[in-house]
Structures are given as C-alpha cells and as structure tokens.
> 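The structure follows.
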2 protein chains.
Amino acid sequence: MKPRQLYEARAKVAKAVAHPSRLIILDALADKEMCVCDLTDLVGADQSTVSKHLAVLKNAGIVADRKEGVMIYYRLKVGCLKGFWHCIEGVLKQNLKEQQAIMGSS
Amino acid sequence: MKPRQLYEARAKVAKAVAHPSRLIILDALADKEMCVCDLTDLVGADQSTVSKHLAVLKNAGIVADRKEGVMIYYRLKVGCLKGFWHCIEGVLKQNLKEQQAIMGSS
DNA sequence: TGGCTCTATGGCAATTATACCATCGATTGG
DNA sequence: CCAATCGATGGTATAATTGCCATAGAGCCA
C-alpha cells in the first residue's frame, strides 16, 4: 500500500471535483476561460458562493485565474478531465443498465 | 450546459471516490477482490466504518460484492480508475512543481 | 444447539461542507 | 473624488459526512 499521505492528497483533488456546481464550472471552463460573473450566472448561486467554489478548485490546483482590470478570469489548468468524465459517465451508464435490468425482470 | 441532473449524478460518483479510506480500498481492489476483514485491516479503521465506506462505493456503482460463506468479497466494477489516478497524480505533481518554484524563488 | 466469526445497520457525537448575507478592497468611469 | 461594479472574505445557520460503539443477522463448526 502506498503512503497514507498520497491517498489524502488524491482525496483532496477528488473532493474538489465532487460537487455539482463545481462540475458545472469545470464543464464551462473546458471550452474557454470565464470571469466570475459569467460563472455566477451559469451556476445560478450567490456570487460569494461561486467565489468559494472557485477557491476550492484553485486550491486543489485544478484551475488558475488571471486578472484583467476588475474582472478575474478562471481557466482550466488540467487537461485530463475529459477522461475523468468519460470514466464517470461509463459508471452512470452501467448503473442505469443494471437498474433497467431490475425493472425488466419484475 | 447539460442538465443539472447529470452534474448531480456525476458528483455522486466523484464524491464516492473522494475519501482517503475509500481510495485505499479502491487501490487494493485494483489487484484482486478482497473480503471486508482484509480491507478493515488495510484501512485500519473500525469494521463498521469500513463496511459503510464499502456501501458508499457499492451504491455509486464502483464496486460489487460476492458472498462466499461468511465472507463477502468486494471487487472493482470499473476499469477506468487507473486513468483517474493518473490524471489526479498529474495535478499533484504540477502542484508540487509550483510549490517548489515558489520556494526556489525566495 | 451454542458459540464463534464475519458483515451490516442504527444511533450518536463531532467534524466538515455548503449557502446566503453583509461587507470590504480593488478598479474603473464620470 | 464619488459611485458603481467585480470579486473575495467573515459570519452564521443548516445540512452532510464521518467514526465508533453497540448490536443484529447469517453462516459455520464443534
């Protein structure tokens, strides 16, 4: 087994991704960088809430920000998230398939 | 933007992975199936705690279990986790590199 | 059957996460 | 300079997560 510290580090990154609002943000940032105001509209939560979500992502090293005048633009720093979603999507599809199998057999 | 429901479903899977003990479990299951007792020793927590962690992973569709006598063996149901870790590991390495850059420049 | 081992579950306390409000600092435009 | 906008932070209430204890159920063996 690897050192516990590694698992905690991994968990921190995984935890940063494990929230619907943050997933929305990451999905949006996959295409282009966006300012906090845009992301706030997109997520549909309070600006301060979105700001805190962004802080979590930044702290985990998943996004980076850039200041331009009053605005702060966030962008993805990680390129492998697509594979991430693909993996998760696979789990979801499999779960769905199993659910349907259960329903069908009743 | 995709339906909010999708992000919630994704988040559930991501959340299931986002805990050190569960990461230890998943890492161990990558090689072979293991019974709860083995995993309990490995994680080093109370048996009931490990049992609940396993329930979380099972509920998310990441692991499956098999009963054999008194023992219950858990196994990975998802094959793409290796890419998962690789992606996270990349983030961690990058974070480390940036930390070192900061230390070096002082 | 009785006792033992292996797991799962209910209960509970402590910690952590989340969301909103209020507010502050920074920047820009008038 | 003043007002307005953008984003971050402190405070606080609520919800979710986590861990352990106690205990229940299931299977095995003497």
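Small disclaimer: the values here were computed from a predicted structure and weren't measured. So you know, we letter chains A, B, ... as the sequences are listed, proteins then strands, and number each from 1. Scope of the values below: all heavy atoms of this structure, side chains included, with no hydrogens, waters or symmetry mates.
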> To the nearest 0.5 Å, what is the distance between CD on A/Glu89 and NZ on A/Lys82?
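So the CD of A/Glu89 and the NZ of A/Lys82 are separated by 12.5 Å.
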> Counting N and O atoms only, with roles assigned by atom type, does the side chain of A/Thr40 sit under 3.5 Å from a partner on the main chain of A/Val36, one being a donor and the other an acceptor?
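Yes; judged by distance alone, with no hydrogens or angles, the pair exists.
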> Report the residues that fulfil salt bridge (Lys or Arg N to Asp or Glu O under 4.0 Å) with A/Lys12, sequence neighbours left out, ordered by chain and then residue number.
none
> If you round to the nearest 0.5 Å, how far is CG of B/Leu39 from CG of B/Leu29?
5.5 Å
> Sort me out a list of protein N/O and nucleotides 11-14 of chain C N/O pairs below 3.5 Å, or just none if empty.
residue : atom : partner : partner atom : Å
C/dG11  : O6   : B/Lys52 : NZ           : 2.6

> Between A/Ser48 and B/Val50, just flag the one whose closest nucleotide in DNA chain C comes earlier from the 5' side.
B/Val50
> When you measure from the side-chain N and O atoms of B/Ser51 to the phosphate of C/dA8, is any distance below 4.0 Å, counting only OP1 and OP2?
yes
> Apply side-chain contact (heavy atoms from CB on, under 4.5 Å) to A/Lys2 and list each qualifying residue two or more places apart in sequence or on a separate chain.
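In terms of side-chain contact (heavy atoms from CB on, under 4.5 Å), with neighbours along the sequence ignored, A/Lys2 is linked to A/Leu6, A/Tyr7, A/Arg10, B/Asp27.
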> Roughly how far, to the nearest 0.5 Å, is the NZ atom of B/Lys97 from the CD atom of B/Gln100?
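If I round to the nearest 0.5 Å, the distance is 9.0 Å.
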> Suppose the criterion is salt bridge (Lys or Arg N to Asp or Glu O under 4.0 Å): which pairs have a residue in residues 36-54 of chain A, not counting sequence neighbours?
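Listed once each, the pairs would be none.
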> Do any pairs count as a disulfide (SG to SG under 2.5 Å) and have a residue in residues 43-76 of chain B, sequence neighbours left out, and if so which ones?
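Matches after skipping sequence neighbours: none remain.
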> Please report the closest heavy-atom contact between A/Leu23 and A/Val17, naming both atoms and the distance.
CD2-O, 3.2 Å
> At what distance, to the nearest 0.5 angstrom, does CD1 of B/Ile25 lie from CG of B/Leu42?
8.0 Å
> Not counting sequence neighbours, which residues clear side-chain contact (heavy atoms from CB on, under 4.5 Å) with B/Val56? List them please.
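Applying side-chain contact (heavy atoms from CB on, under 4.5 Å) to B/Val56 gives B/Ala16, B/Arg22.
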> Quick check on contacts: within residues 57-78 of chain B, what sits under 4.0 Å from DNA chain D by heavy-atom distance?
B/Lys67, B/Gly69, B/Val70
> Heavy atoms of chain A, cut-off under 4.0 Å: which first and last nucleotide of DNA chain D, 5' to 3', fall inside that, if you could look?
D/dT5 to D/dG11
> Strictly below 4.0 Å, heavy-atom distances to any atom of DNA chain C: list the hits from residues 8-26 of chain B, or just say none.
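Close to the strand, none.
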> Sorted by first residue and then second, give each disulfide (SG to SG under 2.5 Å) pair with at least one member in residues 40-93 of chain B; sequence neighbours left out.
A/Cys80-B/Cys87, A/Cys87-B/Cys80
> Between residues 38-47 of chain B and DNA chain D, which residues have a heavy-atom gap below 4.0 Å?
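DNA chain D contact set from residues 38-47 of chain B: B/Ala45, B/Asp46.
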> Check this for me, if you would: do A/Lys77 and B/Glu98 make a salt bridge, where the nitrogen-to-carboxylate-oxygen distance has to be below 4.0 angstrom?
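Counted as a salt bridge, because a side-chain N and a carboxylate O are separated by less than 4.0 Å.
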> Return yes if some donor-acceptor pair links the side-chain N/O of A/Thr49 with the main-chain N/O of A/Ala45 below 3.5 Å, else return no.
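Such a contact is absent between A/Thr49 side chain and A/Ala45 backbone.
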> Whole Å only: how far is the NE2 atom of B/His53 from the P atom of C/dT9?
15 Å
> Output a table of donor-acceptor pairs, distance under 3.5 Å, between side-chain atoms of residues 64-75 of chain B and any protein atom two or more places apart or on a different chain; print 'none' if there are none.
residue : atom : partner : partner atom : Å
B/Asp65 : OD1  : B/Lys58 : NZ           : 3.3
B/Asp65 : OD2  : B/Lys58 : NZ           : 3.0
B/Arg66 : NE   : B/Glu33 : OE1          : 3.4
B/Arg66 : NE   : B/Glu33 : OE2          : 3.3
B/Arg66 : NH1  : B/Glu68 : OE1          : 2.7
B/Arg66 : NH2  : B/Glu33 : OE2          : 2.2
B/Arg66 : NH2  : B/Glu68 : OE1          : 3.2

